[in-house]
Visitor: 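Supplied in structure tokens, the structure appears directly below.
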Amino acid sequence: MSERGMLKAARRKWAVFRSDDRLIVIAMAGLVGACSGLAAVALNRSLHFMGTALHTLHHHWWGVVLPAVGATLSAIFLNVLMKERAGHGVPEVVYAVSRYGGLLRFRSSYSRLVSSCLTIGSGGSAGPEAPVVISGAALGSNIAKFFSLKERQRITLVGCGAAGAIASIFNAPITGLVFTVEVILGEWRSFNIIPIAIAAVAGTEVSRLLQGNQIVFPRQHYTIGLPDIAASFGVVIVATVVSVVLGRMLKGMHGVAMRTPIPPLVRPAVGGLAVGLLGIYLPFVLGEGYLSVQQMIQGTFSQGLLLAALVMAAKMLATALTLGWGGSGGIFAPSLMIGSLVGLVYHRFLSWIMPTAILSNEGCFALLGMAGLLSGILQAPLTGIFLVVEITGGYDVILPLIIVSALTSTFCYYIEPASYYLRDLIERGQFLRPGTDARVLSDLAVRELVKEVPTLLRGDMLLREFLTILEQSKEHLFPVVDPHSGAYQGMIFVDRIRPFLFDRQMYGVLMIEQLMESNVPTVAPDDELSEVLSLMEHEDLEALPVVENRRFVGLLSKSTLLDHYRKELIVQAGN
């Protein structure tokens, strides 16, 4: 083949590649996963450095102020320098996917990493997973924006970023995939699965290359018998109660902080100082708590039953104080520690009241409690199951693990109809569930569907003049506007004035403003289409006038809206 022929063949292949939604997303997924994996490793290393550097300082009396200093610096960096709101990040990603086609600012790819590093590294009780999720998602969003990808492709790359980040930070590719589909995107679609899986693998490989192929917690071998299966139902009950209480504590503490009349930048210092005071007596509550989780899984957590229960309550309070008062970080890691304590305390209680019961060791129950609490507060059972399996490197506890995760998630759903991540979004009406009419319509806009009307009527026009226009028109709706100001006045419905059209005596007597309907509801170009469709159905109208700044813009018809709805549904379904 000649050089020219090879060039033409290459161009044809690139054109096919560029026009195929799946191929280009799959190609980009590896890049996004690797970048988000790097971000996760950077945060992990930074936290390790800060934890080592500040560890001895917490033993001094003035060490109580360290969490307050870290939280305040975090708030100043995030709110003043980055101009971003405090929060753990996952709701922002879900909101961007739900309402804005996955658009996220580039600064979000590093702002939460720095702010959460300051909060957690100084002793705040929070986790690094949620900040790194928004970091990876923002990287995916901006890479998609750089290559001018379509909205559906951008959303998939946002998921790829989240999957790569979670997979990297836990060295757990399946968890990254499952978490993204279950929590971030909320739906399983063939278009998303392959690129997200590739991103999760890329993020994991980056982590293994830079940090080694180490599972997060050392593998233990457990022997599971029927008594353990039966006892796992008790873990379900305790984990459900603790999940609901923890979620309400986090929300309630945030409400208390917002009602307290102190400057917003001082609030994180108050929460941090309270955490520092707790840390004097119970140092277990400081930081993300992975060391304590490791001890519980290995069965070396030496504190007694009552002290373990006290640590669990203190960790819940410390997490609520950190996040509720404006610290930066996520709920993932604290949930793992509190869940481990749930399982450990439950096992020790059973062993105390039934000393002859033959149960597996308490490390096994720590894993069950960990999966239960994570599944309960996130309402994501598969994430809980696969996370525990991957970070411990074994399937020994898979049967009770499935029971605890599935039932705890189900019970929490009936008590709290939304997960901790989605609760605020739903209360503010900002969350649109995938597959619903509102979600499909959210990707369309009134401005895109409005149809210009060639003929506008004057209010002082006689019926005779209107009949001349009607004879030459195929329309049955006519807007009426003021000829001087151009302001919208009302609508003429031809079928509603039919009796006057056949009464010749009225031709020179009636004017349009006497026949028009001025009480027809109008919509604005920025209105939500789901609300517009509801309005059409409530008023039994086939079209509504679109008005902006009192001037008529055009008509929005139900047929046009439903036609675009069908096309958008086909696009989102990937057909």
Visitor: Examine distances only and state if a side-chain atom of Ser141 and a backbone atom of Ala137 form a donor-acceptor pair shorter than 3.5 Å.
Guide: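 Here the side-chain-to-backbone pair does not exist.
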
Visitor: With side chains defined as the heavy atoms from C-beta onward, is the minimum distance between Arg112 and Glu92 less than 4.5 Å?
Guide: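 Result yes, sub-4.5 Å side-chain heavy-atom pair found.
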
Visitor: Let's go through Leu149 and Leu157 carefully: what are the C-alpha distance in whole Å and the side-chain angles of both, what is the deciding distance for side chain to side chain contact (heavy atoms under 4.5 Å, CB included) to 0.1 Å, and is it a yes or a no?
Guide: CA-CA 10 Å; Leu149 299 188; Leu157 288 189; 3.6 Å; yes

Visitor: Please round to the nearest 0.5 Å and tell me the distance separating atom OG of Ser115 and atom CG of Leu73.
Guide: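 Between atom OG of Ser115 and atom CG of Leu73 there are 11.5 Å.
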
Visitor: Any salt bridge linking Glu416 with Lys251? Criterion: basic side-chain nitrogen under 4.0 Å from a carboxylate oxygen.
Guide: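 The answer is no: the pair does not qualify as a salt bridge.
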
Visitor: Measure the CG-OH distance between Leu310 and Tyr281 for me, rounded to the nearest 0.5 Å.
Guide: 12.5 Å

Visitor: Do Val285 and Ser125 come within less than 4.5 Å of each other through their side chains, counting heavy atoms only?
Guide: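 SC-SC contact between Val285 and Ser125 ruled out.
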
Visitor: For residues Phe332 and Phe179, establish whether the separation of their ring centroids is below 6.0 Å.
Guide: yes

Visitor: Locate the shortest heavy-atom distance separating Leu350 from Ala231; write the atom from each residue and the value.
Guide: CD1-CB, 3.9 Å

Visitor: Determine whether Ser207 and Ile169 satisfy the following criterion, side chain to side chain contact (heavy atoms under 4.5 Å, CB included), listing intermediate values before the conclusion.
Guide: CA-CA 7 Å; Ser207 173; Ile169 207 159; over 6 Å; no

Visitor: Treating Thr300 as the side-chain partner and Gln295 as the backbone partner, does any N or O pair qualify as donor plus acceptor under 3.5 Å?
Guide: yes

Visitor: Do Asn361 and Cys364 make a side-chain contact, defined as non-hydrogen atoms from C-beta onward lying under 4.5 Å apart?
Guide: yes

Visitor: With a 4.5 Å heavy-atom cut-off, do Val133 and Val183 have their side chains touching?
Guide: no

Visitor: With a 4.5 Å cut-off on side-chain heavy atoms, are Val404 and Ser375 touching?
Guide: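 No, side chains not in contact.
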
Visitor: Determine, step by step, whether Trp325 and Leu273 satisfy the side chain to side chain contact (heavy atoms under 4.5 Å, CB included) criterion, reporting the C-alpha distance in whole Å, the side-chain angles of both residues, the deciding distance to 0.1 Å, and the verdict.
Guide: CA-CA 11 Å; Trp325 283 79; Leu273 185 60; over 6 Å; no

Visitor: Which value, rounded to the nearest 0.5 Å, describes the distance between Ile196 atom CD1 and Thr156 atom OG1?
Guide: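 Going from CD1 on Ile196 over to OG1 on Thr156, the span is 6.5 Å.
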
Visitor: Has the side chain of Ser405 got a donor or acceptor atom that lies under 3.5 Å from a matching backbone atom of Ile402?
Guide: no

Visitor: So, for Ser109 and Ala138, which heavy atoms are closest and what is the spacing to 0.1 Å?
Guide: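 Closest approach of Ser109 to Ala138: N-CB, 3.6 Å.
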
Visitor: How long is the straight-line distance from OG of Ser351 back to CZ of Phe349, given to the nearest 0.5 Å?
Guide: 10.5 Å

Visitor: Does Ser74 use its side chain to pair, donor to acceptor, with the backbone of Gly70 at less than 3.5 Å?
Guide: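 Looks like no, no N/O pair under 3.5 Å.
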
Visitor: Please report the closest heavy-atom contact between Val90 and Ala130, naming both atoms and the distance.
Guide: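 Nearest heavy atoms, Val90 then Ala130: CG2-CB, 3.7 Å.
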
Visitor: Would you say Ser36's side chain and Gly33's backbone share a donor-acceptor pair under 3.5 angstrom?
Guide: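 Between the backbone of Gly33 and the side chain of Ser36 there is a qualifying donor-acceptor contact (under 3.5 Å).
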
Visitor: Between CE of Met296 and CG of Leu344, what distance do you get to the nearest 0.5 Å?
Guide: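 With rounding to 0.5 Å, CE (Met296) is 6.5 Å from CG (Leu344).
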
Visitor: Hey, are the side chains of Leu317 and Met253 touching, using non-hydrogen atoms and a 4.5 Å cut-off?
Guide: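 Counting from C-beta outward, Leu317 and Met253 do come under 4.5 Å.
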
Visitor: Less than 4.5 Å apart, side chain to side chain, heavy atoms only: is that true for Leu382 and Val181?
Guide: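 No. Closest side-chain heavy atoms not under 4.5 Å.
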
Visitor: Does Glu129 use its side chain to pair, donor to acceptor, with the backbone of Ile166 at less than 3.5 Å?
Guide: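 Absent.
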
Visitor: So Phe411 and Val244, do their side chains get closer than 4.5 Å, heavy atoms only?
Guide: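 They are not in contact (no side-chain heavy atoms under 4.5 Å apart), so the answer is no.
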
Visitor: Look at the side chain of Arg267 and the backbone N and O of Gly326, then say whether any donor-acceptor pair between them is shorter than 3.5 Å.
Guide: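 No, because the side chain of Arg267 does not come within donor-acceptor range (under 3.5 Å) of the backbone of Gly326.
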
Visitor: Do side-chain atoms of Asn142 reach the backbone of Leu104 as a donor and acceptor pair under 3.5 angstrom?
Guide: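 Between the backbone of Leu104 and the side chain of Asn142 there is a qualifying donor-acceptor contact (under 3.5 Å).
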
Visitor: Take Val158 and Leu185, measure what side chain to side chain contact (heavy atoms under 4.5 Å, CB included) needs, and give me the verdict at the end.
Guide: CA-CA 9 Å; Val158 167; Leu185 302 182; 5.9 Å; no

Visitor: For Ile184 versus Ala162, what's the shortest heavy-atom pair and its separation?
Guide: CG1-CB, 4.2 Å

Visitor: List the atom of Leu305, the atom of Val345, and the distance in Å for their closest heavy-atom pair.
Guide: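 Heavy atoms of Leu305 and Val345 come nearest at CD1-O, 3.5 Å.
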
Visitor: Mind listing the closest non-hydrogen atom pair of Gly330 and Pro334 along with its distance?
Guide: O-CD, 3.6 Å

Visitor: Using 0.5 Å steps for rounding, measure from the CG atom of Leu210 to the CG atom of Leu38.
Guide: 6.5 Å

Visitor: Would you say the side-chain atoms of Ser360 pair up with the backbone N or O of Ile224, donor to acceptor, closer than 3.5 Å?
Guide: no

